[in-house]
Amino acid sequence: MADKQISLPAKLINGGIAGLIGVTCVFPIDLAKTRLQNQQNGQRMYTSMSDCLIKTIRSEGYFGMYRGAAVNLTLVTPEKAIKLAANDFFRHHLSKDGPD
């Protein structure tokens, strides 16, 4: 299995999928962090990250947590695809074969 090479398009697709999954998992947390940071001292709407997520779901629905995620998905997907494919390419071509 170690000798089998995976094609470049497959590596790019795998990297793109990894980017999509990463953004999908992290975006709600990043949204809550941003909303907590943007609060004014006198007008605290949220008390914690979980409070922010719960209030967002109640007021905007589940998909409200992903409002604005399209930009991140558009930018992160090709970036991760290229980064992971290049990492694999350079690791394969720059690693030394033989005894260490």
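All residue numbers refer to positions in the sequence shown, counting from 1.
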Review point. Does Asp51 reach the main-chain N or O of Thr47 with its side chain, forming a donor-acceptor pair under 3.5 Å?
Key: yes
Exercise for review: Could you go through the side-chain hydrogen bond (donor to acceptor under 3.5 Å, both in side chains) check for Arg35 and Thr56 one step at a time?
Suggested key: CA-CA 10 Å; Arg35 287 185 179 186; Thr56 300; 3.0 Å; yes
**Study point:** Shortest non-hydrogen separation from Ile6 to Ala10 and the atoms involved
**Key:** CG2-CB, 3.6 Å
Check your understanding: For the atom pair CG (Leu20) and SG (Cys25), what is the distance rounded to the nearest 0.5 Å?
Key -> 10.5 Å
Point to revise | Path from Phe27 to Tyr62 over hydrophobic side-chain contacts below 4.5 Å | key: yes
Practice item. Using modelled atom types only, decide if a donor and an acceptor are shared between the side chain of Asn38 and the backbone of Thr34 within a distance under 3.5 Å. Key: yes
Review point. Once you round to the nearest 0.5 Å, how far does CD1 of Ile17 lie from CG of Leu12?
Key: 11.0 Å
Study note, to complete from the structure: Taken to the nearest 0.5 Å, the spacing of Glu79 CD from Thr74 OG1 works out to 13.0 Å
Point to revise | Tyr66 (side chain) donor-acceptor with Thr24 (main chain) under 3.5 angstrom | key: yes
Check your understanding: What closest approach, in Å, do Pro28 and Leu53 show between heavy atoms, and which atom pair accounts for it?
Key -> O-CD2, 3.4 Å
Point to revise | From CD1 (Ile13) to OG1 (Thr77), nearest 0.5 Å | key: 12.5 Å
Check your understanding: Minimum heavy-atom separation for Leu84 to Ala18, with atom names?
Key -> CD1-CB, 4.1 Å
**Study point:** Spatial distance of atom CE (Met65) from atom CD1 (Ile29) [nearest 0.5 Å]
**Key:** 9.5 Å
Revision key, fill the gap. What one should report as the nearest heavy-atom pair of Lys55 and Met45 is NZ-O, 2.8 Å
Point to revise | Gln40 atom CD, over 12 foreign heavy atoms within 6.0 Å | key: no
Point to revise | Ala32 to Met49 - nearest heavy-atom pair and separation | key: CB-CG, 3.7 Å
Exercise for review: Output yes when a side-chain donor or acceptor of Gln39 lies under 3.5 Å from a complementary backbone atom of Tyr46, and no otherwise.
Suggested key: yes
Revision key, fill the gap. Closest non-hydrogen atoms of Ala81 and Gly16, given as atom of the first, atom of the second and distance, are CB-N, 3.6 Å
Point to revise | Rounded distance [0.5 Å steps], CD1 in Ile82 versus NZ in Lys11 | key: 14.5 Å
